[in-house]
Amino acid sequence: MAEHLARLNPEQRMAVETLEGPVLVLAGAGTGKTRVLTTRFAHLLLTGRASPGQILAVTFTNKAAREMRERLAALLGRPVEGLWLGTFHALAARMLRRYAGLVGLDANFTILDADDQLRLLKQVMEAERIDAKRWPPPLLMGQIQRWKDRGEGPRAVTAAMAGDLAGGRLPALYSAYQARLKALNAADFGDLLMYMTEILRHNPDLLGQYHRQFRYLLVDEYQDTNVVQYLWLRLLAQAQHNICCVGDDDQSIYSWRGAEVENILRFEKDFPGAKVIRLERNYRSTAPILAAASALIAHNAGRLGKTLRPGSEARAPEASERVAVLSLWDSEEEARAVGERIEAWRRSGESLAEMAVLVRAGFQTRAFEERLITLGIPYRVIGGLRFYERAEIRDAIAYARLLVQPGDDLAFERIINVPRRGVGAVALRALHERARAADTPLTATAAALLAEGALRGRAGEGVRGLLAHLAIWRETLAREGHVMAMRALLDESGYTDMLRADKSPEAPGRLENLKEFIRALADFETLAGFLDHVALVMENEENTTSDKVSLMTLHAAKGLEFDNVFLPGWEEGVFPNPRALEEGGIKALEEERRLAYVGITRARKRVVILHAAQRRIYANWQDSIPSRFLDEIPEEWLARGGSASRQARPLPGTRGAVTAFPLHARAPTAKARGIVVGSRIFHQNFGHGTVVAAEDDRLEIAFDEAGTKHILDRFVEPA
DNA sequence: GGATCGCTGATTTTT
DNA sequence: TCAGCGATCC
């Protein structure tokens, strides 16, 4: 252990060894936060202060939890059993399964995802006769979620808090929605923490039990906690006060999801006698990168205050490049410039996996994707649809849920007619009406209607077939286990046949996904265990080993690092995001600035910030001026360039495109450059290709991606 | 029950 | 510009 401690700097060591009482570790970007967390964890175990089950360690993401678990095992030289280490939601769910009865749920309650939540809300809105046109369900759902994030159940919500949403009937809708969830034996994400907080608050015995169990609390990313998470932590910490929170107020970028920076700003008040430890030595980035990031974030008010300093001598300023700022004429040129640099760096031996393009909004990745495809550069887009959100996977999950819980109406509705069983809107409405009247789940209702002969024709046959199958699959589940049962289900339900018959280009991929689904099932002992995992861990395990450029939003980039980082779209109108500013004013501007700070501090070696003078927004071109954030970084840390920069004015009458052979330059002929029929060439717009014919200065080229085209020779270069 | 038309609206989204 | 939807038609 001494060895692990010896590897820490004095502040880190303090953060690890201050075990008693509340501790707030303010960890700037790249200052060894994870190392501190895991070493502290190991330290508690190795000094015999606590056993694994006596430490509650909370993270926000499954990824962070996994990393902590792995690094802890590495530190200790063996995997650790019996840990209470996980995300807020996973830990709350684990607790709630034990005490579900206290809030009117069964232990095997279903955890609904966003999609289910919305469908359920729509149904309740219909029942409550609230016009979904006038009040978009996502808007109302958003408000309900914000209440849950603050720990406010339907009873805590007043008419004043709801305003005129849903014509002033949102509180009633909220109540009805919660009642419906309970009737379905289901909880949404917000419920997990809200219910658990409620339970702890009203059951002192139970709380006392947890107090005796959890002697130490460790919390990661504290700046991102919302009110209910804070309340939950405070309840659990109120006996022993041994709570250690790690976070960075400068990286709080999730306020729009209910996170309250105030939690971290208030820490010393909330936990009297708290010790605050600052980690400011950055071991990640070069000095110019740190200086630029620090100067930028200094424009925010109300910070706890930290200054990142280069942590090691090797990162001396003169040894490093300044932050590059490229001013371009338009967004297409911006994409080209990024592509060119990536190629240049790749040629000089940099790995693609160490390059990332970080954008403000998801749609921005498209331009770069297109460019990279043209150039034949491998890339991956992080974010987007995740594995468990794909339609075929969600269908399979719905079937699985129905096996485990016959009363799962949402699952039933999802798959009742997938594959087609002739059950349409009419039959479904009849089912619903009866179910509501008899207050029975849809499956039971369907059986009753069939028995009465009230469900006939195609729909009747379809429903009868499904119910019979479900009974058989449940038997298979009991006898041969969940993997066999699900395999049988996918075949016998006609689901795989449906996909096989599907001629669309996506169908083969969907079948492949289902195979992957079956493989994933095998990692779990029970179907219920798998379903819990799916609900709480919704993620893709994409292999990060392949050498690809990463494209993602700034939000998705938090916690990651790369040698080389591109930050495109630094323009007013794009970044800071105008909608955010509209909604949140100065607070939102500061959050946007933190986002910029997160972006810059992802880089170890180089940052390239780009902005374009013109950008096409939807249909039309718009003039753009550089982002105000660029003005907030002192020139001394910047190296300006690009066709539209002051240093690089283009020739009059040209658009200043950065092409190998600009329009205004006379390029050598194809022959002079050794381009003949059969040559591999490269074209700025169409990428790589092969020359199939040549006549004078005209070439016919079969491009790898763009098809065959006639091109003047001066626009291509040898590949 | 499924295909087609036309309108709308378009940030971020750890769980 | 364009995807995603609800309404409408066959």
Side-chain angles (χ1 to χ4, degrees), chain A residues 58-67 86-93 111-115 117 122 132-133 136-139 141-142 145 148-149 187-194 220-221 223-226 228-229 251-259 358-367 382-386 388-389 417-428 457-459 462 532-540 552-560 569 573-584 588 591-592 594-596 598-599 615-621:
Chain A
V58 197
T59 65
F60 265 85
T61 65
N62 293 293
K63 202 173 152 208
R66 202 184 323 123
E67 192 180 344
T87 63
F88 275 100
H89 292 89
L91 292 168
I111 300 169
L112 298 190
D113 63 29
D115 206 79
Q117 287 175 41
K122 280 183 197 159
K133 289 260 172 45
L139 181 85
M141 195 72 241
Q145 253 158 10
K148 291 188 178 184
D149 285 344
D188 66 18
F189 275 108
D191 287 336
L192 298 174
L193 281 143
M194 186 173 75
D220 191 16
E221 305 277 21
Q223 79 281 355
D224 287 334
T225 49
N226 60 34
V228 72
Q229 287 162 339
Q251 292 187 66
S252 162
I253 55 175
Y254 281 104
S255 73
W256 50 277
R257 272 183 101 302
L358 310 182
V359 296
R360 176 61 181 85
F363 70 84
Q364 290 174 263
T365 58
R366 223 180 74 190
I382 310 232
L385 253 205
R386 286 170 292 179
Y388 291 117
E389 286 170 356
N417 206 29
V418 186
R420 303 251 122 84
R421 295 189 179 89
V423 185
V426 180
L428 208 54
R458 288 245 299 269
D532 236 21
H533 168 85
V534 168
L536 293 165
V537 185
M538 281 277 195
E539 71 182 325
N540 255 353
M552 69 187 96
T553 63
L554 288 160
H555 284 93
K558 195 174 77 160
L560 304 178
V574 176
F575 188 42
N577 182 291
R579 288 169 152 269
L581 300 190
E582 236 170 77
E583 272 170 39
E591 183 149 318
E592 294 287 304
R594 290 194 288 268
L595 215 37
V598 166
R615 186 172 296 273
R616 196 162 50 177
I617 307 231
Y618 309 129
N620 38 347
W621 288 91

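Sequence lines set the chain letters: A, B, ... in the order given, protein chains first and strands last, and positions in each chain run from 1. What's counted below: heavy atoms across the whole structure, side chains too, no hydrogens, waters or symmetry copies.
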(message) At 4.0 Å (heavy atoms only), tell me whether A:V423 reaches a base, stays on the sugar-phosphate, or touches nothing.
(response)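 Sugar-phosphate, no base atom in range.
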(request) Scan A:D224 against the nucleic acid and name what it touches under 4.0 Å (heavy atoms): base, sugar-phosphate only, or nothing. (result)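 Contact class for A:D224: base.
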(message) Test of understanding: with salt bridge (charged side-chain N to carboxylate O under 4.0 Å, His left out), list the residues that count as partners of A:E389, not counting sequence neighbours.
(response)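 Result, salt bridge (charged side-chain N to carboxylate O under 4.0 Å, His left out) vs A:E389: A:R386.
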(request) Quick one: list whatever passes salt bridge (charged side-chain N to carboxylate O under 4.0 Å, His left out) with A:D113, sequence neighbours left out. (result)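 Checked A:D113 against salt bridge (charged side-chain N to carboxylate O under 4.0 Å, His left out); matches are A:R394.
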(message) A:F60: which residues meet the ring pair (Phe, Tyr, Trp, His ring centres under 6.0 Å) condition with it, sequence neighbours left out?
(response)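 Ring pair (Phe, Tyr, Trp, His ring centres under 6.0 Å) list for A:F60, sorted by chain: A:F88.
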(request) Name all residues meeting the ring pair (Phe, Tyr, Trp, His ring centres under 6.0 Å) criterion together with A:Y254; count only those two or more places apart in sequence or in a different chain, and write none if there are none. (result)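 So A:Y254 forms a ring pair (Phe, Tyr, Trp, His ring centres under 6.0 Å) with A:W256, A:H555.
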Run the side chain to side chain donor-acceptor pair (under 3.5 Å) test against [X] and tell me which residues pass, sequence neighbours left out.
{"X": "A:Q251", "result": "A:D248, A:R602"}
{"X": "A:R615", "result": "A:E334, A:E571"}
{"X": "A:N577", "result": "none"}
{"X": "A:E591", "result": "A:S255, A:R594"}

(request) For nucleotides 7-13 of chain B, just jot down a letter per nucleotide in 5' to 3' order: B, S or -, based on protein non-hydrogen atoms under 4.0 Å. (result) ---BBBB
(request) For nucleotides 2-10 of chain C, just jot down a letter per nucleotide in 5' to 3' order: B, S or -, based on protein non-hydrogen atoms under 4.0 Å. (result) -----S---
(message) Can you list every stem that DNA chain B is part of, counting only runs of 3 or more consecutive Watson-Crick or G-U wobble pairs with both distances under 3.5 Å?
(response)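 In DNA chain B, stems of three or more pairs: B:1-10 with C:1-10.
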Nearest-angstrom distance from the residue atom [atom1] of [X] to [atom2] of [N]:
{"X": "A:R420", "N": "B:dG2", "atom1": "CZ", "atom2": "C1'", "result": "7 Å"}
{"X": "A:F60", "N": "B:dT14", "atom1": "CZ", "atom2": "P", "result": "13 Å"}
{"X": "A:N417", "N": "B:dG2", "atom1": "CG", "atom2": "P", "result": "7 Å"}
{"X": "A:D188", "N": "B:dT15", "atom1": "CG", "atom2": "C1'", "result": "11 Å"}

(request) Answer yes or no: does a side-chain N or O of A:N62 lie under 4.0 Å from OP1 or OP2 of B:dT15? (result)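 For B:dT15, OP1 or OP2 has a side-chain N or O of A:N62 closer than 4.0 Å.
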(request) Mind checking side chain to side chain contact (heavy atoms under 4.5 Å, CB included) for A:N226 and listing every partner two or more places apart, or none if nothing turns up? (result)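 For A:N226, the residues satisfying side chain to side chain contact (heavy atoms under 4.5 Å, CB included) (neighbours in sequence not counted) are A:D149, A:V228, A:Q229.
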